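Chain letters run A, B, ... following the sequence lines, proteins first, then strands; residues in each count from 1. Source: prediction; values computed, not measured.
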There are 2 protein chains.
Amino acid sequence: MYNIDSRSAIPVYEQLKRQIMLSIVSGRLDDGDKLPSIRELAAALRINPNTVAKTYRQLETDGFVTSRKGLGVFITTGNRELQSNRIEIFEELTDEYISKAAGLGLTADEIMKGLERSLKGEIEHDKNE
Amino acid sequence: MYNIDSRSAIPVYEQLKRQIMLSIVSGRLDDGDKLPSIRELAAALRINPNTVAKTYRQLETDGFVTSRKGLGVFITTGNRELQSNRIEIFEELTDEYISKAAGLGLTADEIMKGLERSLKGEIEHDKNE
DNA sequence: TCATCTGTATTACTATCATAGTACAGTAGT
DNA sequence: ACTACTGTACTATGATAGTAATACAGATGA
């Protein structure tokens with residue numbers, strides 16, 4: 001399911017938020033799909049329910065999901081808040097990303113393949129056993 | 001120089017650490033080069049000297065730099081193999097890029113197409129093209 | 001109605017992050 | 001010696017992050 005590294009400098013709620021966002025934008029989670037319940041996901045990831053609740057709350061603020069008391073949390077691609085200048089911002093992000101990756105010595109092909117791999121959610125952290 | 005986002009969920013000391021590591025692995029900082037002094041860099045980035053000191057301390061623990069009291073902090077890559085760091089840093093860059101783009105409301109497909117388009121304009125083609 | 005699930009809210013506690021300020025020790029140039 | 005740098009160390013404070021436990025409210029099915 002999802003992968004949490006408690007030793008990471010990135011907060012747990014942020015790690016989880018990023019992975020769920022990635023699942024949504026890559027189409028693995030679709031409009032109307034139900035996320036695991038807060039308590040269920042917390043138990044599965046061995047983290048605190050409050051931390052999962054914080055993630056879900058932020059995802060709702062960003063328009064990715066909608067919470068319904070007694071029912072659960074559901075994907076909502078409809079009412080996402082889009083910035084008017086998001087294209088320009090995205091192009092700046094892209095230029096910056098390319099610049100850094102090229103500085104590392106990566107070719108255009110390697111950059112594309114690396115991005116594709118990460119978009120597919122292929123995460124490889126040091127997993128023992 | 002370096003870029004700090006105080007609103008990011010990633011701690012300031014970690015943002016700075018990643019950027020300095022990127023400079024080293026990219027070759028912009030070479031063996032023996034002197035980093036800005038703690039107080040100088042803190043003033044330039046408008047962050048606390050203790051935070052810069054923490055970054056430098058961790059970089060020293062990781063073997064990227066050596067601190068000398070009264071003199072400064074110097075790059076010491078030695079005969080370290082930077083190849084493993086290269087991939088690790090690229091994956092961190094990619095994760096950051098995807099998270100920001102997804103936060104803008106872009107789908108995985110849009111991200112891939114946008115990157116591909118920018119790559120064609122910005123990177124010199126290799127000989128095997 | 002009752003049990004059991006769901007999200008939500010609150011309090012308490014610990015650890016980390018970042019800040020501010022002070023102080024001490026090593027190096028170099030005048 | 002003096003000054004001005006350098007890294008290092010320490011205390012203190014406030015904001016976040018994460019955990020733990022409890023309670024409340026809405027939804028569902030027996």
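Projected onto DNA chain D by closest heavy-atom contact, B:Glu40 and B:Arg57 fall at different nucleotides, the more 5' of which corresponds to B:Glu40. Mapping A:Gly70 and A:Ala9 onto DNA chain C by nearest heavy atom places A:Gly70 closer to the 5' end of the strand. Residues B:Ile38 and A:Leu71 both approach DNA chain D. Their nearest nucleotides, taken by heavy-atom distance, put B:Ile38 toward the 5′ side.
In this structure, the CZ atom of A:Arg46 is 13 Å from the P atom of D:dT19, given to the nearest Å. A straight line from CG of A:Asn50 to C1' of D:dT16 spans 14 Å, rounded to a whole angstrom. When the P atom of D:dA17 is taken as reference, atom CD1 of A:Ile47 falls 14 Å away, rounded to whole Å.
Grouping Ile, Leu, Val, Met, Phe, Trp and Tyr by side-chain contacts under 4.5 Å, direct or through others, leaves B:Tyr13 on its own.
In 5' to 3' order, the nucleotides of DNA chain C bounding all contacts with chain A (an atom under 4.0 Å from a heavy atom) are C:dT6 to C:dT10.
Rounding to the nearest 0.5 Å places CD of A:Glu14 at 8.5 Å from OG1 of A:Thr55. Atom CZ of residue A:Arg57 and atom CG of residue A:Asn50 lie 8.5 Å apart, to the nearest 0.5 angstrom. Once rounded to the nearest 0.5 Å, the distance linking CD1 of B:Ile38 with OH of B:Tyr56 reads 7.0 Å.
When the side-chain nitrogen and oxygen atoms of A:Lys54 are compared with OP1 and OP2 of D:dA17, one or more of them lie within a distance under 4.0 Å. Taking side-chain N and O atoms only, A:Thr51 has a distance below 4.0 Å to OP1 or OP2 of D:dT19.
For B:Arg39 against D:dG7, a side-chain N or O and a base N or O form a donor-acceptor pair under 3.5 Å.
Between A:Leu41 and A:Ile47 there is no side-chain heavy-atom pair separated by less than 4.5 Å.
Taking a cutoff of 4.0 Å between a charged side-chain nitrogen and a carboxylate oxygen, B:Asp33 and B:Arg28 do not qualify as a salt bridge.
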